[in-house]
Participant: 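Below you'll find the structure I mean.
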There are 2 protein chains.
Amino acid sequence: MGERYLKSIRLLAECMQGFERLSGQHARACGLTHAQFDIIATLGNTPGMSYKELGERTLITKGTMTGVIERLEQKGLVERTRSSDDKRSWFLRLTKAGERLFDEVFPRVVAGGAAVFAQYDDADFDRLESTLAGLKAVIDAVPQPDNNHR
Amino acid sequence: MGERYLKSIRLLAECMQGFERLSGQHARACGLTHAQFDIIATLGNTPGMSYKELGERTLITKGTMTGVIERLEQKGLVERTRSSDDKRSWFLRLTKAGERLFDEVFPRVVAGGAAVFAQYDDADFDRLESTLAGLKAVIDAVPQPDNNHR
DNA sequence: TATTGTTATACTCTATAACTATA
DNA sequence: TATAGTTATAGAGTATAACAATA
């Protein structure tokens, strides 16, 4: 019966695992853990965001977030200011050093990734993007519990 | 330049994150951590394998593997016997209880997943599978460092 | 000499829940 | 009452490296 998708999930997991192996090298190379790398990558090329939003974009719960951000702050990679419209909330963004790290590391991840896709042409990308976008749409349609205070 | 793939990677990561959120619920529901769940899922429906092979199929390094397996053994979910052909190596497999857990939990993951793909028809699956298989092929083509003794 | 798995260390992440301050 | 983030706790995962037994 409808279990054909198992193969797809396995493939998806294997692809992701492959990328994680690759990006994990970059993370460790610049002294970041997986979670820290995740935060830097999420904050990169954005004006910044709150803990809450960061928690939604990553799989890091709020209790953990405090510690992860603390360590990134100690490394001088992120800075936080109290949000002006909601005084309970922080506004988080990369520092200059954080941006430098992002600008230095991310292109290397990009270059590594680009090598992976060296043989892809526009049609291949069209297909990959639309297929994945479709998959993401059906996943997002499933109601998911709030990750931040289960 | 060739950075079009970034969108694909982001999509891939978001899909995987969605699945991890879903499967994470099942894992916690049966008292397993992500790593433990990973092992059970990897051992399920196989005759068993060595630590080394498990390490290759998951992203768990050998130093960690000892501890993870230890806890699963304490829970009575896996059992190990010395390999007969290589006496340094263990042969690991699910116990009856481990198989029961796998048989009980995995179908629920399957059912949850099936709900995600309710609207997919054969053509959709064809497309998804071949797209992902192609992606996996290019990822696997990249030389990756040995995860087990970096 | 190389490989399989163990042990040890130090740190980080995780789930959970009770808590403070603000909304 | 609800929400944003903090703190505390106990357990688990992580990288790393030195080590034993076997190949």
Side-chain angles (χ1 to χ4, degrees), chain A residues 17 20-21 23-40 48-75 77-78 80-92 145-150, chain B residues 17 20-21 23-40 48-75 77-78 80-92 145-150:
Chain A
Q17 217 174 57
E20 271 167 20
R21 260 189 240 262
S23 77
Q25 296 169 48
H26 294 287
R28 277 189 305 282
C30 54
L32 297 178
T33 64
H34 178 80
Q36 292 168 6
F37 188 78
D38 210 4
I39 298 291
I40 299 289
M49 64 190 76
S50 67
Y51 278 41
K52 179 177 156 59
E53 192 173 347
L54 259 182
E56 282 160 0
R57 296 204 189 191
T58 61
L59 286 179
I60 300 173
T61 52
K62 61 181 183 175
T64 305
M65 189 66 76
T66 303
V68 175
I69 297 299
E70 209 169 83
R71 285 179 281 274
L72 285 174
E73 212 178 7
Q74 278 165 12
K75 292 181 186 192
L77 298 175
V78 305
R80 6 177 251 170
T81 48
R82 276 287 179 196
S83 168
S84 44
D85 35 312
D86 185 339
K87 287 178 186 163
R88 295 170 303 182
S89 184
W90 291 101
F91 186 76
L92 238 131
D146 185 335
N147 183 53
N148 253 22
H149 43 83
R150 286 187 276 250
Chain B
Q17 216 173 56
E20 271 168 17
R21 260 189 240 264
S23 77
Q25 296 169 49
H26 294 287
R28 278 190 304 282
C30 54
L32 297 178
T33 64
H34 178 79
Q36 291 168 8
F37 187 78
D38 211 2
I39 298 290
I40 299 290
M49 63 190 77
S50 68
Y51 278 40
K52 178 177 157 60
E53 192 173 348
L54 259 181
E56 281 161 1
R57 295 204 189 192
T58 62
L59 285 180
I60 301 173
T61 51
K62 61 180 183 174
T64 305
M65 190 66 78
T66 302
V68 176
I69 297 299
E70 208 170 82
R71 286 179 280 276
L72 285 174
E73 212 178 6
Q74 277 164 13
K75 292 181 187 191
L77 298 175
V78 305
R80 7 178 250 170
T81 48
R82 276 289 179 196
S83 169
S84 44
D85 36 313
D86 186 338
K87 286 178 186 162
R88 294 169 304 181
S89 184
W90 291 102
F91 186 75
L92 238 130
D146 186 335
N147 184 53
N148 253 24
H149 42 86
R150 286 185 275 252

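All values reported here derive from a predicted model rather than from experimental measurement. Protein chains get the first letters and strands the later ones, always in sequence-line order, with residue 1 at the start of each.
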Participant: Where are the stems of DNA chain C, defined as at least 3 consecutive Watson-Crick or wobble G-U pairs with both distances under 3.5 Å?
Facilitator: C:1-23 with D:1-23

Participant: Give the minimum heavy-atom separation between B/T33 and B/A27, together with the two atoms involved.
Facilitator: O-CB, 4.4 Å

Participant: Counting the atoms with a prime plus P, OP1 and OP2 as sugar-phosphate, which does B/R80 contact under 4.0 Å by heavy atoms, base, sugar-phosphate, or nothing?
Facilitator: sugar-phosphate

Participant: Which heavy atom of A/T58 sits nearest to which heavy atom of A/M65, and what is that distance?
Facilitator: OG1-CE, 4.1 Å

Participant: Can you measure from CD1 (B/I60) to CD1 (B/I39) and round to the nearest 0.5 angstrom?
Facilitator: 4.0 Å

Participant: Separation of A/R82 atom CZ from C/dA21 atom P, in whole Å?
Facilitator: 11 Å

Participant: Let me have a per-nucleotide readout for nucleotides 18-23 of chain D, 5' to 3', with B, S or -, counting only protein heavy atoms under 4.0 Å.
Facilitator: ---BBS

Participant: At what distance, to the nearest 0.5 angstrom, does CG of A/D38 lie from CG of A/L32?
Facilitator: 11.0 Å

Participant: When you measure from the side-chain N and O atoms of A/Y51 to the phosphate of D/dT6, is any distance below 4.0 Å, counting only OP1 and OP2?
Facilitator: yes

Participant: Of A/G67 and B/K75, whose nearest nucleotide on DNA chain D comes first from the 5' end?
Facilitator: A/G67

Participant: Ignoring the backbone of A/W90, work out which of C/dA15, D/dT6, C/dC13 is nearest its side chain.
Facilitator: D/dT6

Participant: In whole angstroms, how far is the C1' atom of D/dG11 from the CZ atom of B/R28?
Facilitator: 15 Å

Participant: Select base, sugar-phosphate, or nothing to describe what A/S89 touches, counting heavy atoms under 4.0 Å on all strands.
Facilitator: sugar-phosphate

Participant: I'd like to check the salt bridge (Lys or Arg N to Asp or Glu O under 4.0 Å) partners of B/R71; sequence neighbours left out, ordered by chain and number.
Facilitator: none

Participant: What nucleotide, of D/dT14, C/dT16, D/dA12, holds the atom closest to the side chain of A/T61?
Facilitator: C/dT16

Participant: Between OG1 of A/T81 and CH2 of A/W90, what distance do you get to the nearest 0.5 Å?
Facilitator: 8.0 Å

Participant: Given C/dT4, D/dG13, D/dG5, which nucleotide is nearest the side-chain atoms of B/R71?
Facilitator: D/dG13

Participant: Please state how far atom CD in B/E70 lies from atom C1' in C/dG5, giving the value in whole angstrom units.
Facilitator: 12 Å

Participant: Taking side chain to side chain contact (heavy atoms under 4.5 Å, CB included) as the definition, give me every residue that meets it alongside A/K87, ordered by chain and number, with sequence neighbours left out.
Facilitator: none

Participant: Expressed as a whole number of angstroms, how long is the span from A/H34:NE2 to D/dA12:C1'?
Facilitator: 16 Å

Participant: State which of D/dG5, C/dG5, C/dC13 makes the closest approach to the side chain of A/T66.
Facilitator: D/dG5

Participant: Which residues pass the salt bridge (Lys or Arg N to Asp or Glu O under 4.0 Å) test with A/E53, sequence neighbours left out?
Facilitator: A/R57

Participant: Okay, side chain of A/R82, backbone of A/F91: is any donor-acceptor separation there less than 3.5 Å?
Facilitator: no

Participant: Whole angstrom is fine here: how far is it from CD1 in A/I60 over to P in D/dA4?
Facilitator: 17 Å

Participant: Kindly write out the residues that satisfy side-chain hydrogen bond (donor to acceptor under 3.5 Å, both in side chains) with B/T66, not counting sequence neighbours, or none if the list is empty.
Facilitator: none

Participant: Provide, to the nearest angstrom, the distance between the CG atom belonging to B/L32 and the C1' atom belonging to D/dG11.
Facilitator: 14 Å

Participant: Taking CZ from A/F91 and C1' from D/dA4, how many angstroms apart are they, rounded to a whole number?
Facilitator: 15 Å

Participant: Checking all strands, does B/T33 fall into the base, sugar-phosphate, or nothing category for heavy-atom contacts under 4.0 angstrom?
Facilitator: sugar-phosphate

Participant: Looking across every strand, which nucleic acid part, if any, lies under 4.0 Å from A/S83 by heavy atom: base, sugar-phosphate, or nothing?
Facilitator: nothing

Participant: Please state how far atom CE in B/M65 lies from atom C1' in D/dT16, giving the value in whole angstrom units.
Facilitator: 16 Å

